[in-house]
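Working notes for the structure below.
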Protein chains: 2
Amino acid sequence: MAKMNRTKYAILGVLNERPASGYDVKKFCDSIAYFWNENYSHIYPVLKQMEEEGLVTKKTEQTEGRPPRNIFSITPGGREEFVKWLMLPVEPHILRAELLLKLLFSNNIPVDNMVEKLENKIEEQMRIREYLDNGAEEIKSRIKTERKLKAWLAVIQWGRTITDATIGWCEETIQVLQEDDE
Amino acid sequence: MAKMNRTKYAILGVLNERPASGYDVKKFCDSIAYFWNENYSHIYPVLKQMEEEGLVTKKTEQTEGRPPRNIFSITPGGREEFVKWLMLPVEPHILRAELLLKLLFSNNIPVDNMVEKLENKIEEQMRIREYLDNGAEEIKSRIKTERKLKAWLAVIQWGRTITDATIGWCEETIQVLQEDDE
DNA sequence: ATGCACATGTAAGCTGTTACATGATTTC
DNA sequence: GAAATCATGTAACAGCTTACATGTGCAT
């Protein structure tokens, strides 16, 4: 199995919908940051490399009072590679959940410190949860085709399901940790 | 923020319980693979580097009919660094869920292909779920102290919670995708 | 006979992160 | 007046993965 440059496929996914700049790609990824992230410092070089591979084409757009924008468009070859990737089985999802690792070893630190970490996790998940609830309505009005809307709502539903489950588990775990042992 | 070598802390966590070889560390990580993974090819060089930093010491054990084992023990300095890391807030958990990215763009492929990916996910999660159920009993009998047992059970409970939530979401999503649009 | 468990490592290289660099315009 | 947004990139490098290399003993 060759390693896949996942950034490449995320970019192709965005450009498959519409031409966009590296900046636009980053904005899009920020909007789905609860399950996918990208950095500028990775997007720009990968776009360059993709241009060399013939997956995208670049057009520089002059704007007034703003920096020029490099607009990238997907090529037929790019579209082909993108769809080929979409059809492939999902690569196994390798987790590294630091919170759980620390929890496992938390007998070496005060209970309060571990509880604080769990409380921070709850806050984080609640922020995500709120973002998803606000976003759902906007998406319903923006997405036109039925297939796309279904997919978007399913992804949002995933976020809701997982944040709820995580928050519930954090609360339970805090209680268990704070129980007196006797 | 400097980047953390997370492998280092995972290793320290194992060695903090008992002296172990690189092979043992890997075995341990395999047993918690549902939320943490390590490769031999990373463990061995990191162990070497940790020895140079004075976090661990090495002792080579000759065995009959088996390759010699390099047994590593944590030093007081290593223990100190480990606890310092444990106390630090958890680094934000950056996800890259390929399944969700593909789902988001799945209007470009047949519904059946996407459904298959979701079915594979269900199978994967059911395997994990089964593993956790079998493991819980073994852990209850093995772990002695109350604090450690609580932590282990909480981690297992996380696995159960998330796998259940994920399986439920996959099933719902398959149904939604397979509904006729009219 | 085939494969798995035991056991350790090196070499190469991609992926992705952090820090740095620049600067106008808009918003609070 | 400060901060955020728009907009693009380079340099350095840490982290991790993949492929390679080697060999015994036990179980099926």
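By convention in this document, chain letters (A, B, ...) are assigned in the order of the sequence lines, proteins followed by strands, and residues within each chain are numbered from 1.
Here the CG-CH2 distance, from B:L104 to A:W158, works out to 12.0 Å after rounding to the nearest 0.5 Å. To the nearest 0.5 angstrom, A:I162 atom CD1 is 11.5 Å from A:L132 atom CG.
Close to D:dC16, at under 4.0 Å from its OP1 or OP2, lies a side-chain N or O of B:R6. Between D:dT17 and B:N37, a contact under 4.0 Å exists linking OP1 or OP2 to a side-chain N or O. Distances shorter than 4.0 Å separate some side-chain N or O of B:N39 from OP1 or OP2 on D:dT17. The side chain of B:T7 contributes no N or O atom lying less than 4.0 Å from OP1 or OP2 of D:dG15. For D:dG15, the OP1/OP2 oxygens have no side-chain nitrogen or oxygen of A:R96 closer than 4.0 Å.
Here the P atom of nucleotide D:dT24 and the CD atom of B:Q62 are 16 Å apart, to the nearest Å. Note: CE (A:M50) to C1' (C:dC14) measures 16 Å, nearest angstrom. With rounding to whole Å, A:I43 atom CD1 is found 11 Å from C:dG16 atom P. One can place CD of B:E53 at 12 Å from P of D:dA14, the figure rounded to the nearest angstrom. One can place NZ of A:K26 at 11 Å from C1' of C:dT17, the figure rounded to the nearest angstrom. A straight line from CG of A:N5 to P of D:dC16 spans 18 Å, rounded to a whole angstrom. If you measure from atom CD1 of B:I94 to atom C1' of C:dT18, you get 13 Å, rounded to the nearest angstrom.
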Per-nucleotide protein contact string for nucleotides 4-12 of chain C, where B marks a base within reach and S marks sugar-phosphate only (heavy atoms under 4.0 Å, - for neither) = -SBBBBB--
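Annotation for A:Q49: atom CD counts as buried by contact number, over 12 foreign heavy atoms lying within 6.0 Å.
A:K150 places no side-chain N or O within donor-acceptor distance of the main-chain N or O of A:T145, the cut-off being under 3.5 Å.
Relative to the six-membered ring of B:Y23, B:K27 meets both conditions, a distance below 6.0 Å and an angle of at most 45° to the axis.
Taking the ring centroids of A:F82 and B:F105, they lie under the 6.0 Å cut-off.
Side-chain N/O atoms of A:T163 and A:R127 include no donor and acceptor closer than 3.5 Å.
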